[in-house]
Amino acid sequence: MGFKKLRGVNLSEEKQGLIRYTCLNYGDLTPTMQKKIRRLCQECGGFYGAALWEIMCTKESVTSISMRSHVSESQLYDMRKKFYEAW
């Protein structure tokens, strides 16, 4: 199954897909791109920046990240939206 556009994010499906797949390839990125992703996770996620990094850079479910990180799924979805739009 391919990428599905996130509703409520003010970016095209192509742009969202580019961001998502870039993050999923975090380990293969240049140090500069890795730093950009970490910075955006911190800026958009604050205290939950590590949880946001997991959402963006792994295929783990929002539900499991939410339960482990003690943050609501809706907060994580809001952080993810901010991340995409801040890219």
Side-chain angles (χ1 to χ4, degrees):
M1 186 168 131
F3 179 79
K4 191 169 130 185
K5 184 180 188 314
L6 301 171
R7 292 181 303 161
V9 176
N10 290 327
L11 296 171
S12 69
E13 180 177 357
E14 294 78 14
K15 181 83 172 193
Q16 287 183 29
L18 174 66
I19 295 166
R20 174 67 174 148
Y21 291 122
T22 298
C23 290
L24 285 175
N25 286 284
Y26 181 87
D28 296 325
L29 299 175
T30 64
T32 301
M33 283 301 292
Q34 289 179 351
K35 185 176 178 181
K36 174 182 179 171
I37 292 169
R38 287 193 311 271
R39 178 181 53 79
L40 286 173
C41 286
Q42 192 59 48
E43 288 175 5
C44 300
F47 182 76
Y48 299 107
L52 180 57
W53 184 91
E54 286 186 69
I55 287 173
M56 295 308 302
C57 298
T58 73
K59 291 186 174 185
E60 192 170 347
S61 74
V62 171
T63 301
S64 63
I65 294 168
S66 169
M67 291 188 326
R68 190 177 56 255
S69 303
H70 306 288
V71 58
S72 73
E73 289 182 34
S74 63
Q75 284 177 288
L76 289 172
Y77 288 130
D78 288 344
M79 290 179 230
R80 180 179 68 179
K81 179 183 188 303
K82 288 179 190 170
F83 181 96
Y84 276 102
E85 293 179 351
W87 184 269

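Remember, it's a predicted structure, so these values are computed and weren't measured experimentally.
- With rounding to the nearest 0.5 angstrom, the CZ atom of Arg80 is 8.0 Å from the CZ atom of Arg20.
- Other residues, nucleotides and ligands contribute over 12 non-hydrogen atoms within 6.0 Å of the NZ atom of Lys81.
- Cluster membership check: Ile65 does not share its hydrophobic cluster with Met67, using side-chain heavy-atom separations under 4.5 Å among Ile, Leu, Val, Met, Phe, Trp and Tyr.
- Atom NZ in Lys82 sits 13.0 Å away from atom SG in Cys41 (nearest 0.5 Å).
- When all heavy atoms of Ser66 and Ser72 are compared, the pair lying nearest together is OG-C, 3.7 Å.
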Give the table of side-chain donor-acceptor pairs shorter than 3.5 Å for residues 47-58, with sequence neighbours excluded, one pair per line with atom names and distance.
| unit_1 | atom_1 | unit_2 | atom_2 | d |
| --- | --- | --- | --- | --- |
| Glu54 | OE1 | Arg68 | NH2 | 2.2 |
| Glu54 | OE2 | Arg68 | NH2 | 3.2 |
| Thr58 | OG1 | Glu54 | O | 2.5 |
| Thr58 | OG1 | Glu60 | N | 3.3 |

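- Considering only residues two or more places apart in sequence or on other chains, Glu73 meets the salt bridge (charged side-chain N to carboxylate O under 4.0 Å, His left out) condition with none of them.
- To the nearest 0.5 angstrom, Gln42 atom CD is 10.0 Å from Cys44 atom SG.
- With values rounded to the nearest 0.5 angstrom, Ile19 atom CD1 is found 6.0 Å from Trp87 atom CH2.
- When the shell of 6.0 Å around NZ of Lys5 is examined, it contains more than 12 heavy atoms from other residues, nucleotides or ligands.
- The cluster map of Ile, Leu, Val, Met, Phe, Trp and Tyr, joined by side-chain heavy atoms under 4.5 Å apart, puts Leu18 and Val9 in different clusters.
- The heavy-atom pair separating Met79 from Val71 by the smallest distance is CE-CG2, 4.0 Å.
- Put simply, the side chain of Lys36 does not reach to within 4.5 Å of the side chain of Leu29, judged on heavy atoms.
- Every residue two or more places apart in sequence or in another chain that forms a side-chain contact (heavy atoms from CB on, under 4.5 Å) with Lys35 is listed here: Arg38.
- For the pair Tyr77/Leu6, no side-chain contact is recorded, criterion being any heavy-atom separation below 4.5 Å from C-beta on.
- In terms of heavy atoms, Glu85 sits closest to Asn10 at OE2-N, 2.8 Å.
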Stepwise, does the side-chain contact (heavy atoms from CB on, under 4.5 Å) test hold for Leu40 with Glu43?
CA-CA 5 Å; Leu40 286 173; Glu43 288 175 5; 4.0 Å; yes

